[in-house]
Amino acid sequence: MSTSHRPAQIGDDDAVLALPAAGGGKNRCTVGSPWQDQCMLITPRPGANRENLLEALRIVHTAAMNARSVGQPSAYSRLLHYLEWAEYSARQLRSQIRTADLTALVLTPRHDTLLDGVGHLAGTDQQRLVNLLVDQELADRIETLESAIELFQAQMTRWNGREWFVVADSSFYIHNPTKLADADLHEILGLPSGEHIRLLFPMAVVDELDSLKEAGKQQARWRASHTLGLLDSILDGGTFGILHRAQLNTEAGEVRGEISLEIVLDQPGHVRLPITDDEIIDRAVAIQALASRQVRLLTCDTGQHTRGRAAALNVTKVPAKDPGPEPDWTTQDKPGISLRAQRREKQRARSAEQNEDATVG
C-alpha cells in the first residue's frame, strides 16, 4: 500500500450510504440532508463486487424507466409488464444485496398488493386504478434507484482511500496496555509505520463504552471516559476526524502514517443483534462488503477472537495480562486462610489486646 496518498473523503464529515423509503422525494438522502434520518443503508452481501452491484443497479433503473414509458394495450398488460420487471430486477440484485434492501428497492408492500391482485384486476372496471397504482409504483422505484445509485457512488468514493480499515471492540479500549491516545496501532497490527489507518467505531461500540463509563470497574470507567472524550474532542459531533496526521520523523528517518477515526452510524430501522459482540462482528462484515476491502478486527477478548475468525475477519488479539504464577489452591481452600478470615483474626487480636490493657489499668 502507498504511504503518500491522502484518503479520499466527502467533506471529512457525515456521509452515509442510504436510500429513501418508498414514495420519497428525489435525492432527499444526500449527505447532510434533513431527510437523512428517514433513509436506510444499502448493504452488499459479503463477497459481492461493488462495481458489479453498481452496474446491476443501473440496469434495473433503466429497465424501470423503460417499463414506465413503453405503452401497453391495456392496464392489465401494463401490470404484467411491471411484475415481469420486478421479478427480473429481483433476480439481478438478490445475490448481491441483503433481503431488507431488496424489499426497499423492488419488492415493496405495494408490489405484493399488485401481485396478489393479478387474478381479479383484469376487468375493465379496474383499469384506471391499476394504471394509477402501477405508474406510481414505477415512479417510486425510479426515484429510489436514482438515489441508491448516487449515494452508492458517493460511498465508494468516500471509502476508496489507500488505508487499512480497523474495527476494535470495547475490550481493546478497556484492556489494551496503552490508552487509545498513546496506542501504537501500527505496532499492534503489525503494519509498516507509513501505512494509513482508519479506526472505525460502530455505534454498538460507542454505546457500550457509554455504559461502561457509568457502571464498569474503576479502570473500565476511566478508559471508557478517556476513549469517548477523545472522540468528542476530535470529531466535535461529526463522524470523521484525524487522531494523528501523517508526519516525517526526521530523527528516526521514517514516515508515520495518518490515523483517522470514524463513527459508523446504524441505519434507521436497523435492529441490532441481541449479543453486542455478535453485533460488532456483523457491522465489521458489513463494512468489509461496503468498502470492498479487508477489515481488521482488534480485540482483547478470546470469545470475540473466535467469533471474528468464524466470520472470516482478519483478527488481531492483544495478549491478555499475565495473571502470574498459579496460587497454591490447597492452601487457599483451608478454612481461616482467606483474606477475609485473616482480617477477622487480626480484629479479634486487637480487641483482645485492648481488653487486656483495660484490665491491667
Side-chain angles (χ1 to χ4, degrees), residues 1-3 5-9 12 15-16 43 46 155 158-209 223-224 226-228 230-231 234-235 238-246 255-266 276-319:
M1 295 176 70
S2 169
T3 60
H5 180 77
R6 174 65 162 83
Q9 289 97 31
D12 280 353
V16 296
T43 307
Q155 186 67 29
R158 176 176 175 78
W159 280 355
N160 204 37
R162 298 183 181 179
E163 54 195 336
W164 291 90
F165 276 32
V166 180
V167 171
D169 68 357
S170 302
S171 72
F172 172 77
Y173 299 113
I174 302 304
H175 299 297
N176 185 54
T178 308
K179 64 182 186 290
L180 177 58
D182 301 329
D184 188 339
L185 293 178
H186 291 89
E187 181 179 350
I188 293 170
L189 293 162
L191 296 175
S193 63
E195 298 293 298
H196 298 314
I197 296 173
R198 183 178 291 224
L199 185 58
L200 300 157
F201 287 77
M203 276 305 301
V205 174
V206 176
D207 291 340
E208 193 168 42
L209 290 171
R223 281 293 188 87
H226 162 78
T227 305
L228 292 170
L230 199 62
L231 285 176
I234 292 173
L235 305 185
T239 61
F240 181 87
I242 306 298
L243 176 61
H244 299 302
R245 293 195 178 277
V255 174
R256 298 294 292 178
E258 178 180 276
I259 297 178
S260 58
L261 307 177
E262 181 176 349
I263 292 178
V264 181
L265 301 171
D266 290 341
T276 302
D277 284 347
D278 289 339
E279 173 68 17
I280 294 168
I281 295 295
D282 183 72
R283 293 296 87 202
V285 171
I287 292 167
Q288 191 164 255
L290 282 167
S292 191
R293 70 180 70 203
Q294 184 183 77
V295 171
R296 302 283 296 270
L297 178 68
L298 261 179
T299 183
C300 293
D301 184 76
T302 300
Q304 193 72 331
H305 182 198
T306 304
R307 290 184 181 93
R309 291 291 297 274
L313 294 172
N314 187 333
V315 185
T316 298
K317 184 181 182 296
V318 178

Heavy-atom nearest pair, Ala183 first then Asn176, reads CB-ND2, 4.0 Å
Is any side-chain heavy atom of Leu185 closer than 4.5 Å to a side-chain heavy atom of Val166? no
What's the shortest heavy-atom distance between Ile188 and Thr316, and which atoms? O-CG2, 3.5 Å
Checking His305 side chain against Val315 main chain: does a donor-acceptor pair fall under 3.5 Å? no
How many angstroms lie between CD1 in Ile281 and CG in Leu313, if you round to the nearest 0.5 Å? 5.5 Å
Which value, rounded to the nearest 0.5 Å, describes the distance between Tyr173 atom OH and Thr299 atom OG1? 11.0 Å
To the nearest 0.5 Å, what is the distance between CG (Leu200) and CH2 (Trp159)? 6.0 Å
Are any of the side-chain heavy atoms of Ile280 and Arg307 separated by less than 4.5 Å? no
On a heavy-atom basis, which atom in Val285 and which in Pro46 lie closest, and how many Å separate them? CG1-CG, 3.7 Å
Residues that Phe172 engages under ring pair (Phe, Tyr, Trp, His ring centres under 6.0 Å), provided they are two or more places apart: none
Is any side-chain heavy atom of Leu231 closer than 4.5 Å to a side-chain heavy atom of Phe201? yes
Quick check: does any side chain N or O of Ser193 sit under 3.5 Å from a backbone N or O of Val255, one acting as donor and the other as acceptor? yes
Heavy-atom pair with the smallest gap, counting every atom of Gly241 and Leu235: N-CD2, 3.2 Å
Would you sort out whether Ile234 and Ile242 count as a side chain to side chain contact (heavy atoms under 4.5 Å, CB included), showing the intermediate values? CA-CA 7 Å; Ile234 292 173; Ile242 306 298; 5.6 Å; no
Looking at His196 and Glu258, would you say the former's side chain and the latter's main chain have a donor-acceptor pair under 3.5 Å? yes
With rounding to the nearest 0.5 angstrom, report the CG to OG1 distance, Leu261 to Thr239. 11.0 Å
Which value, rounded to the nearest 0.5 Å, describes the distance between Gln304 atom CD and Leu297 atom CG? 5.5 Å
Any carboxylate oxygen within less than 4.0 angstrom of a Lys/Arg side-chain nitrogen, looking at Arg283 and Asp169? no
Answer yes or no: is there a donor N or O on one side and an acceptor on the other, between the side chain of Thr306 and the main chain of Thr302, under 3.5 Å? yes
Do Ser171 and Val318 make a side-chain contact, defined as non-hydrogen atoms from C-beta onward lying under 4.5 Å apart? no
With a 4.5 Å limit on heavy-atom distance, are the side chains of His186 and Ile259 in contact? yes
Quick check for you: to the nearest 0.5 Å, what is the distance between Asp266 atom CG and Asp207 atom CG? 7.5 Å
Within the distance-only criterion (no hydrogens, no angle test), does the side chain of Arg223 pair as donor or acceptor with the backbone N or O of Ile174 below 3.5 angstrom? yes
Answer whether the closest heavy-atom distance between the side chains of Asp184 and Arg256 falls below 4.5 Å. yes
Suppose we screen for ring pair (Phe, Tyr, Trp, His ring centres under 6.0 Å). Which residues come up paired with His226, at least two apart in sequence or across chains? Trp222
Does the side chain of Arg158 reach to within under 4.5 Å of the side chain of Glu262, using non-hydrogen atoms? yes
Can you find a heavy atom in the side chain of Leu243 that is under 4.5 Å from one in the side chain of Leu230? yes
If you take all heavy atoms of Asp301 and Lys317, which pair is closest and at what distance? C-CE, 3.9 Å
Arg293 side chain to Glu163 main-chain N or O, any donor-acceptor pair under 3.5 Å? yes
